[in-house]
Amino acid sequence: MIENLVIVESPAKAKTIEKFLGKDFRVISSFGHIRDLAKKNLGIDVENDFSPVYEIPKEKIKVVNELRKAASEAKIIWIASDEDREGEAIAWHLAGVLKLNPDTPRRIVFHEITKDAISNAIENPRKINMDLVNSQQARRILDRLVGFEISPVLWKKVQPSLSAGRVQSVAVRLIVEREREIISFKPESSYRVTSVFRIDEKDTESSIIRAEASKRFPHGDEAVKFLELCSSAQYTVGSITVKPGTRSPAPPFTTSTLQQEAYRKLGFSVAQTMTVAQKLYEAGKITYMRTDSTNLSKLALAKSREVIIAEYGEKYAKTRQFVTKSKGAQEAHEAIRPAYPDNLSVQGTQNEKKLYELIWKRTIASQMADAIVEKTTIIINMNNSSVTFNATGEIVKFDGFLKVYSESSDLDNHDEEKDLLPPLKTDMPLYYNIVSAVQKFTTPLPRYTEASLVKKLEELGIGRPSTYAPTISTIQHRGYVSKEDRPGEKRQITLYTLDKGKITSAVKNEVAGKEKSKLFPQDIGMIVNDFLIENFPEIVDYNFTAEVEEQFDEIALGKLKWTGMLHKFYGPFHKTIESTLEKKNRKTGVRVLGNHPETGEPVTVRMGRFGPVAQLGNSDDGGKPRFASLTRDQLIETITLEEALRLFILPRSLGILEEAEIVVGKGKFGPYIRYQNKFFSLKKGVDDPYSLTLERAVEIIREKNENEKKKVIKEFDDILLLNGRYGPYLSSNKKNYRIPRGTDLNKLTKEDCISIIEKSEKKTK
DNA sequence: CAGTGAGCGAGCTTCCGCTTGACTT
């Protein structure tokens with residue numbers, strides 16, 4: 001029999017806490033929630049005041065049995081789940097499952113993991129707060145109602161296995177709407193004029209100043225006219241303004257800001273960041289990684305200060321406490337920080353080291369002094385134009401926190417190059433070295449990355465630290481959005497240069513719209529999004545979560561009854577479900593593109609059984625329509641008639657070789673030639689399936705067949721020793737086997753091969 | 001691996017938020 005049993009949510013936390021408590025205490029973990037709404041059906045008795053049907057999920061039975069056993073062996077049980085809505089619900093479920101007397105105060109909370117904080121908590125236990133529990137039940141039940149009533153409507157009206165939810169559907173909406181803004185965006189161009197000035201009339205190498213004209217010119221001829229003025233102008237320094245300023249460090253990491261910075265600085269995906277952080281947490285190297293708080297414990301503040309003074313000196317230290325500003329934050333944890341700030345680095349994988357270093361720098365920087373900067377703005381006048389040239393320069397007078405860390409931005413602003421300016425005086429003459437007018441196009445808002453989507457969701461108060469990564473994987477999994485690269489398109493820009501009184505023009509290529517790891521909506525995502533906006537506008541409204549959260553807060557304060565809140569929501573909601581099921585037609589996103597220019601057959605695109613499909617002709621008048629899948633980068637919404645018609649060109653027959661047909665087509669894995677039931681891939685950028693000739697096809701087939709012959713090194717009945725991309729390997733019964741290192745291929749016998757295959761088969765079993 | 005788009009119907013899919021492994025490549 002042990003005196004005290006403390007139950008927390010996380011096993012890593014249990015381990016840490018146990019160290020602080022004496023031998024009278026045993027600390028174990030519930031691994032999060034232990035009960036949930038029944039997996040099958042709705043799990044809610046709607047008719048009976050939304051009475052929930054809770055069950056212990058299969059994968060939790062083992063933990064619960066261990067908890068029960070530990071509970072039976074302890075005299076006093078303390079429930080120390082997190083101090084927020086979900087934590088209170090976990091406590092309540094634990095009390096229920098472990099059959100604890102609800103009137104005995106057994107609920108404790110820690111704000112910090114220190115001996116004092118823990119013993120203080122145990123001296124001040126309380127009862128479970130049922131208002132808080134009820135607000136969690138309302139949250140849980142509302143999410144189940146939304147998800148489990150709308151999803152089946154999608155199965156009937158759009159496609160099977162689709163899903164909708166309070167969080168995921170808004171995430172998809174953001175991406176779809178951003179894409180539509182980009183689709184309808186019309187880039188406009190103007191000429192941006194920049195100049196390099198010098199201070200000496202003769203010496204072109206003398207101190208130089210880069211400046212930009214205060215005006216942009218919409219057309220080339222206007223830019224040229226201005227350059228002509230520049231050619232004959234006399235320049236003087238009009239004004240010099242020096243403004244002192246400061247810059248402050250960003251707050252310590254929350255889950256969301258960690259995901260953003262790890263993406264920007266380290267190129268990690270959101271899921272990758274969480275996996276690496278979990279490892280660091282389990283090893284006791286950082287604090288908990290799922291948090292919305294920017295708060296640092298007193299201990300962390302003091303330790304960081306010590307480290308800063310030791311590493312950089314007293315004047316670099318400035319203790320700060322940041323206020324958490326994100327909507328709906330529940331602040332059950334600290335910010336993400338090094339568990340021991342005096343550990344400047346850690347052992348582990350490269351990624352663990354990099355992420356730790358990032359967390360360390362951000363935490364330490366947050367406790368450092370402001371940087372002091374001096375920003376100088378110079379205005380250069382022309383004697384023959386009211387247009388001025390402006391130059392800015394920034395000098396860091398004191399680096400402060402910048403010594404350690406500066407936050408990255410989502411917008412890649414290379415424009416703001418901050419040069420050091422030479423010493424200047426008002427009215428001083430200046431001379432141009434070169435003036436150039438470059439055509440610049442406006443760009444639409446950028447597509448979301450995983451990390452910038454998380455940032456947006458957090459701003460809207462939608463989702464929680466524990467769900468950002470899973471939500472992003474769900475919407476990709478359902479096929480609503482996809483993370484992709486795009487090569488962009490070349491476009492031409494004109495530039496004019498004034499050099500030694502002469503104006504020349506040139507045309508250059510630039511690539512516009514190049515994308516890397518961005519979230520693109522897929523057709524099914526757009527169709528589902530439009531269906532939801534049409535039928536359930538209030539659910540996918542950006543403010544829906546914020547509005548229900550307000551009500552959950554009122555329930556938590558005991559001002560609102562949770563069942564009443566649900567009744568008010570569910571009444572109209574369920575009516576909409578029923579009327580949508582009854583009245584609305586199937587939604588396929590069909591678009592009529594026009595008619596085939598020769599045959600007059602109608603061309604349509606829509607979502608088919610196997611994805612987006614173009615259809616040529618229809619079956620009404622006995623005709624047999626032709627179908628063709630859209631390519632990955634085409635959308636039902638934007639495909640043109642010409643593009644759709646092109647889809648029907650392939651597969652096409654090139655001719656006959658030795659009594660067999662050669663067909664060229666485009667498949668899942670790129671363009672191919674099919675001949676005698678064998679496939680030959682076309683090389684990207686070399687051969688084009690639309691213009692491929694019979695001669696070239698025959699060449700490709702010959703080449704590949706010859707390579708195939710070279711591939712076979714040895715042959716033992718049904719076992720082949722082949723030369724592959726990664727070296728020699730064995731092939732038998734359509735399965736491949738690796739050859740152990742150091743094997744002499746010349747001496748390899750059939751028996752050796754059989755033994756290699758048998759060993760490999762055993763391993764996989 | 002490189003396709004599919006006739007129609008019927010049984011049985012399944014699905015939410016968000018708390019926590020980690022148990023899986024496979």
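We name chains A, B, ... by the order of the sequence lines, and we start the count at 1 in each one.
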**Study point:** Distance flag, aromatic centroids of F648(A) and F627(A), threshold under 6.0 Å
**Key:** no
Exercise for review: May I ask you to check whether Y672(A) and F680(A) place their ring centers less than 6.0 Å from one another?
Suggested key: no
Check your understanding: How do L37(A) and P465(A) order along DNA chain B: which one's closest nucleotide is nearer the 5' end?
Key -> L37(A)
Review point. H333(A) or D36(A): which one's nearest nucleotide on DNA chain B is closer to the 5' end?
Key: D36(A)
Reckon [X] touches a base, only the sugar-phosphate, or nothing at all at heavy-atom distances under 4.0 Å?
X       : value
Y281(A) : sugar-phosphate
R85(A)  : nothing
G165(A) : sugar-phosphate
S10(A)  : sugar-phosphate
Y288(A) : sugar-phosphate
R144(A) : base
S81(A)  : nothing
R606(A) : nothing
S681(A) : base
Q136(A) : nothing
Q168(A) : sugar-phosphate
T275(A) : nothing
P11(A)  : sugar-phosphate
G611(A) : base

Donor-acceptor side-chain pairing of [X] and [Y] below 3.5 angstrom:
X       : Y       : result
T324(A) : E331(A) : yes
T545(A) : R166(A) : yes
Q278(A) : E282(A) : yes

Check your understanding: Heavy-atom count around K279(A) NZ within 6.0 Å, excluding the residue itself: above 12?
Key -> no
Check your understanding: Around atom NZ of K587(A), are there more than 12 heavy atoms of other residues, nucleotides or ligands at under 6.0 Å?
Key -> yes
Study note, to complete from the structure: With a 4.0 Å cut-off (strictly under) to non-hydrogen atoms of chain A, the first and last hit nts on DNA chain B, 5' to 3', are dC1(B) to dT20(B)
Review point. Taking the six-membered ring for Trp, are Y54(A) and W92(A) parallel (under 30°), tilted (30 to 60°) or perpendicular (over 60°)?
Key: perpendicular
Check your understanding: Per the side chain to side chain contact (heavy atoms under 4.5 Å, CB included) rule, which among I150(A), I527(A), V158(A), V172(A) passes with L532(A)?
Key -> I150(A)
Revision key, fill the gap. The dot-bracket string of DNA chain B, counting Watson-Crick and G-U wobble pairs with both distances under 3.5 Å, using [ ] for crossing pairs and | for pairs to another strand, is .........................
Review point. Considering residues at least two apart in sequence or located in another chain, which fulfil the side chain to side chain contact (heavy atoms under 4.5 Å, CB included) criterion with A546(A)?
Key: K327(A)
